[in-house]
Amino acid sequence: DSGVTQTPKHLITATGQRVTLRCSPRSGDLSVYWYQQSLDQGLQFLIQYYNGEERAKGNILERFSAQQFPDLHSELNLSSLELGDSALYFCASSPHEGIAGRSDTQYFGPGTRLTVL
Amino acid sequence: DAKTTQPPSMDCAEGRAANLPCNHSTISGNEYVYWYRQIHSQGPQYIIHGLKNNETNEMASLIITEDRKSSTLILPHATLRDTAVYYCIVRPRVEVQGAQKLVFGQGTRLTINP
């Protein structure tokens, strides 16, 4: 158990809909990262938040957005869903901003499996 | 933009040491080598990381060659629960653009056989 929690574990929805995935980081961690894992793309970094502010962005679609709240939990919002958005979505957390020199290891949650029908 | 090369699959007998190689010939002096594993569709699990010295923890040992162009992850006494996909990741040490993200390649699918 990494200490990172994600809800829900499974989500089934229809095309065109909007969903929200939730992540609670490990106690004391200030950074939250979101990753997407699909069959054809592997694990891909989407976005990072550090202490409430966006820090880094990957290949995140404009239909996707995220935020980190004052209690440090984060939500990933996916809208206008398409079949290709079906994937595992993982959240990770780390103590600092994500600079490896600080041994800022990322610890992953169990993921949310999204199925778009 | 993964900077590592790993064999796609490996087998190992239960109880034996599993040695997983990784080539990172373009690694620079300010980049760490990280190892994660993913069991089935669970979240990736951190194993170990290092810069240039060999490292050991309760899970594994990491051996980095002197020129730092390759490394080997060693699971000393593999069990069936070690069956997973193992990812070797090179990550910048200092704050450069993109340093925060982990870039996962295809990894090595390790199967531990009874």
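Predicted, not measured: the structure shown is a model, and the values here were computed from it. Any value given below was found using the heavy atoms of this structure, including those in side chains, with hydrogens, waters and symmetry copies removed. In the text below, chain A, chain B and the rest are named by the order of the sequence lines, each starting its count at 1.
- In terms of heavy atoms, Pro8(A) sits closest to Thr112(A) at O-OG1, 2.6 Å.
- Residues from residues 38-45 of chain B that place a non-hydrogen atom less than 4.5 Å from a non-hydrogen atom of chain A comprise Gln38(B), Ser41(B), Gln42(B), Gly43(B), Pro44(B), given in numerical order.
- Just one of Asn113(B), Asp11(B), Ile112(B) meets the side chain to side chain contact (heavy atoms under 4.5 Å, CB included) condition when paired with Thr83(B); it is Ile112(B).
- Contact record, Met59(B) with Pro76(B): O-CD, 4.0 Å, taken as the closest heavy-atom pair.
- Ring pair Tyr34(B)/His49(B) is parallel by interplanar angle, where below 30° counts as parallel and above 60° as perpendicular.
- For the residue pair Asn23(B) / Ser70(B), no side-chain donor-acceptor distance below 3.5 Å is found, with atom types taken as modelled.
- When heavy atoms are compared at a cutoff of 4.5 Å, Gln37(A) approaches chain B solely by way of its side chain, counted from C-beta outward.
- Residues Gln36(A) and Ala87(A) come closest through the heavy atom pair CG-CB, 3.8 Å.
- A donor and an acceptor atom, one from each side chain of Asp104(A) and Ser94(A), are located under 3.5 Å apart.
- Both the backbone and the side chain of Leu43(A) come within contact range of chain B, with heavy atoms under 4.5 Å apart.
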